[in-house]
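Okay, so here's the structure we're looking at.
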Protein chains: 2
Amino acid sequence: MDDDTQKINMKALAKALNLSTATISKALRDSYDISEATKIKVREAAERLNYVANAYASGLRSHQSNTIAIVIPEIADSFFSQAINGIESVAGNKKYHALIYLTHDSYEREAAILNEFTSGRVDGLLMSVASSTLDTAHIGKLQKAGIPIVFFDRDCRQIPTASVTTDDFNSAYNATCHLIKQGCKNISLITVQGHVSIFLARKDGFRRALEAGGITPLPSNFVYCPNKYSDESIKLIGNHLNEVQPDGLLLTVEHLSTAAYLAAEEVKLSIPNDIKIVCFTNQITAPVLNPSLTTVQQPAFAMGQKAAELLFEYLSHKYIQLEKEHLVLPSMLVVRGSTSPTSDNKKLTQL
Amino acid sequence: MDDDTQKINMKALAKALNLSTATISKALRDSYDISEATKIKVREAAERLNYVANAYASGLRSHQSNTIAIVIPEIADSFFSQAINGIESVAGNKKYHALIYLTHDSYEREAAILNEFTSGRVDGLLMSVASSTLDTAHIGKLQKAGIPIVFFDRDCRQIPTASVTTDDFNSAYNATCHLIKQGCKNISLITVQGHVSIFLARKDGFRRALEAGGITPLPSNFVYCPNKYSDESIKLIGNHLNEVQPDGLLLTVEHLSTAAYLAAEEVKLSIPNDIKIVCFTNQITAPVLNPSLTTVQQPAFAMGQKAAELLFEYLSHKYIQLEKEHLVLPSMLVVRGSTSPTSDNKKLTQL
DNA sequence: GCTTTTTACTTAAACGTTTAAGTGAATAAA
DNA sequence: TTTATTCACTTAAACGTTTAAGTAAAAAGC
């Protein structure tokens, strides 16, 4: 049994085979100037002795880490977890490693995290910007330092690089039109604080749809909640329901669905009879909520996947120009009970 | 403006200050043999010139990566995403980086991932084992190679190291007792395929509770679904509902809740009147499902946090012996509509 | 006033790879 | 046969840190 679990390095492997480390290194990287016979011998010995090249030595010498960073606001949200699945599905295949960082939507954290990346720790960056980020100098600086960045979902227009987003304006527009079509006359947008592209786009889409429907949006129709699930959101929405008495709600983030449902229950409003609700969310429980929830479902997995593909495409050979790549994947309005008059019909509409 | 974004290394910084790299290195690591005045000068210059030490050079030289790996089966599950939040809350503070790997419950992937860690890429490992893992040689080998491991949620008894789990046996036992108390006489366990500790413990707890309640569990009361959300699960559960006609279900994984609700709907069974349901899940939508779902809620965040704390405790000074640390955090049975006779009372019971 | 200790540095080796440049033998070209 | 080329390696430098060992000057001890 060759169960030598003591760590073996390239030198030891070389000595064992009576070869130089250069030969070992080249053999393992399948260099053309090593004979096939030697390559086989080396690979076999490496396998047998359980040799794995030291990542830090390789990284130092070759100036590449085979590692990317995923920087996202939070993880307890099905959009982001599905997106990570998408990212992982391509990173894993490409033998890349993925570091994960949560900004909790804080600009300071985001800046501190990005600043670290000057250390050469990562070859590239997949990110969804924090909602509190206004100043983008930290991102620009990293980019100037030569680290390629691909934005997904929440992009940052000031930084000229690739982005993979979904059509937030249209999604919000169509979702709002749907509410109007279902008879709503006093629709509110429940969203989160922050300066993020997607929330602005959703707000715009909402506003335009109202105008197109002959409804003038009032300032009182906009509610800003903290961007994480909390009792405060429930209270804010509850108060809003009491004061403004909307008959329709468009929720821009997943965690607001639970908050809105609970608030409606507290205020004794029946969904969809008294108030109809649409939410941007990917949660799989949407069809089994009480009532089932009409959602704007985003292509989370595909967005993560595409973003990762763009980054790896760039990293493997710099053929593509990242600043020219802007993918917009369609979201889907999935109509369910929370917006139907009768509360149990289901259908799918492609946006 | 010192906006020199070209990468600066320690040598350049040393030259700029007319000092040796040794002095810079020591100053930045706050070594006792550098004067306070010099330290201040160095720190100031490093800040000003935007110097960040090369992670790969430091890693190579010092034999530590300041990086840990998180190896989990999947991420689109609130338990795991909340656990990652917990891990991140301590890793971020300790200036550690976290690599994330998904096994998708495949032993082969898990083994391949762990094998890579011999490369020195990580200082330690936080993991929840794949459900298809039977042979644990890959884990043992890594441990023998000197990489500390802390299991969370799904541990692996064969490997003598720390674990942070929740009391799955008791949770399942109590959940099952609750179903019996609510009048169920023919209760089925809907679980997933695999050999994982927690599922075995949940099954045992279920079985024992039935026996304690004078009910003999039949083989037909056990349904094994694939461990990811899929139509197949819905079909399997639907068939089971038709054939065995249970009046109570204990679901061992989050994604089964949606599947079970949809299956019940398809088969035209009313929850909780025809069938009562309890599910192991942390999803925040549980209270707004139709009907609200009685859950076994696990301390996911705390488990991630504790696991990370144990690992960092060990890494920072090897005072603790990992193999002696076994935390068991309590889960909570949260009773809701899916198990109440009247369908809308709520209460909390500590397990 | 001489020795010892302390202070605040510097020198240089080492970490484990990768790779440009070099080499000697075999083969091909002339 | 001589020269050029190819093949299959080896040598050694380099990547950017950390740190053990060394040092010269200042401070302390006697």
Side-chain angles (χ1 to χ4, degrees), chain A residues 6-43 45-46 49-67 95 116-123 145-146, chain B residues 6-43 45-46 49-67 95 116-123 145-146:
Chain A
Q6 57 261 34
K7 35 194 98 177
I8 184 174
N9 61 18
M10 190 175 271
K11 218 191 229 169
L13 184 56
K15 183 173 283 175
L17 288 171
N18 237 297
L19 287 169
S20 71
T21 60
T23 304
I24 305 293
S25 176
K26 289 180 188 166
L28 291 174
R29 344 190 88 240
D30 207 23
S31 159
Y32 66 95
D33 83 13
I34 300 297
S35 72
E36 203 49 48
T38 306
K39 281 181 189 171
I40 290 172
K41 247 191 301 182
V42 170
R43 280 194 285 253
L49 299 174
N50 233 286
Y51 170 74
V52 180
N54 181 286
Y56 284 83
S58 311
L60 173 59
R61 176 55 225 235
S62 66
H63 292 288
Q64 57 158 353
S65 61
N66 291 312
T67 303
K95 300 290 173 201
E116 240 281 328
F117 296 156
T118 346
S119 70
R121 194 178 286 277
V122 299
D123 295 339
Chain B
Q6 57 263 36
K7 35 195 98 178
I8 183 176
N9 61 18
M10 190 174 271
K11 219 191 226 167
L13 183 58
K15 184 174 281 177
L17 287 171
N18 235 296
L19 287 168
S20 71
T21 60
T23 305
I24 305 292
S25 176
K26 289 180 188 169
L28 291 174
R29 343 192 88 239
D30 207 25
S31 157
Y32 65 96
D33 84 11
I34 301 297
S35 73
E36 204 48 48
T38 305
K39 281 181 187 170
I40 291 172
K41 247 191 301 183
V42 170
R43 281 195 285 252
L49 298 174
N50 234 289
Y51 170 74
V52 179
N54 181 287
Y56 284 81
S58 310
L60 174 58
R61 176 57 225 236
S62 65
H63 291 289
Q64 57 160 350
S65 61
N66 291 311
T67 303
K95 303 289 174 202
E116 240 282 326
F117 296 157
T118 346
S119 70
R121 194 179 285 278
V122 299
D123 296 339

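Protein chains get the first letters and strands the later ones, always in sequence-line order, with residue 1 at the start of each.
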For [X], check side-chain contact (heavy atoms from CB on, under 4.5 Å) against everything at least two apart and list the hits.
X	result
B:N18	none
A:T21	A:M10, A:K11, A:A14
B:S20	B:A22, B:T23

Looking at every heavy atom in both [X] and [Y], which two are closest together, and how far apart are they?
X	Y	answer
A:K39	A:D30	NZ-OD1, 3.0 Å
B:L17	B:K41	CD1-O, 4.3 Å
A:Y56	B:L60	CB-N, 3.7 Å
B:I34	B:K26	CG1-CB, 3.6 Å

side-chain N/O A:T23 vs D:dT10 OP1/OP2, d < 4.0 Å
yes
Could you write out DNA chain C as a dot-bracket string, with dots for unpaired bases, | for bases paired across to another strand, and Watson-Crick or G-U pairs counted at under 3.5 Å?
||||||||||||||||||||||||||||||
What integer distance in Å separates B:N18:CG from C:dA8:C1'?
15 Å
Rounded to whole Å, the CG-P distance (B:L17 to C:dC9) equals 11 Å
I need the B:L28 CG to B:L13 CG distance, nearest 0.5 Å.
7.0 Å
Within the sub-3.5 Å range, which N or O atoms of nucleotides 25-28 of chain C have a protein N or O partner, and how far apart are they?
none

Residues that B:R61 engages under salt bridge (Lys or Arg N to Asp or Glu O under 4.0 Å), provided they are two or more places apart
none
Who pairs with [X] by side chain to side chain donor-acceptor pair (under 3.5 Å), at least two apart in sequence or on another chain?
X	value
B:S31	none
B:S35	B:T38
A:S25	none
A:D123	A:S65

Residue-level proximity of residues 31-41 of chain A to DNA chain D when a heavy atom falls under 4.0 Å:
A:D33, A:S35, A:T38
I'd like to compare against my own output: the B/S/- annotation of nucleotides 12-18 of chain D with a strict under-4.0 Å heavy-atom distance to protein.
-BBBBBB
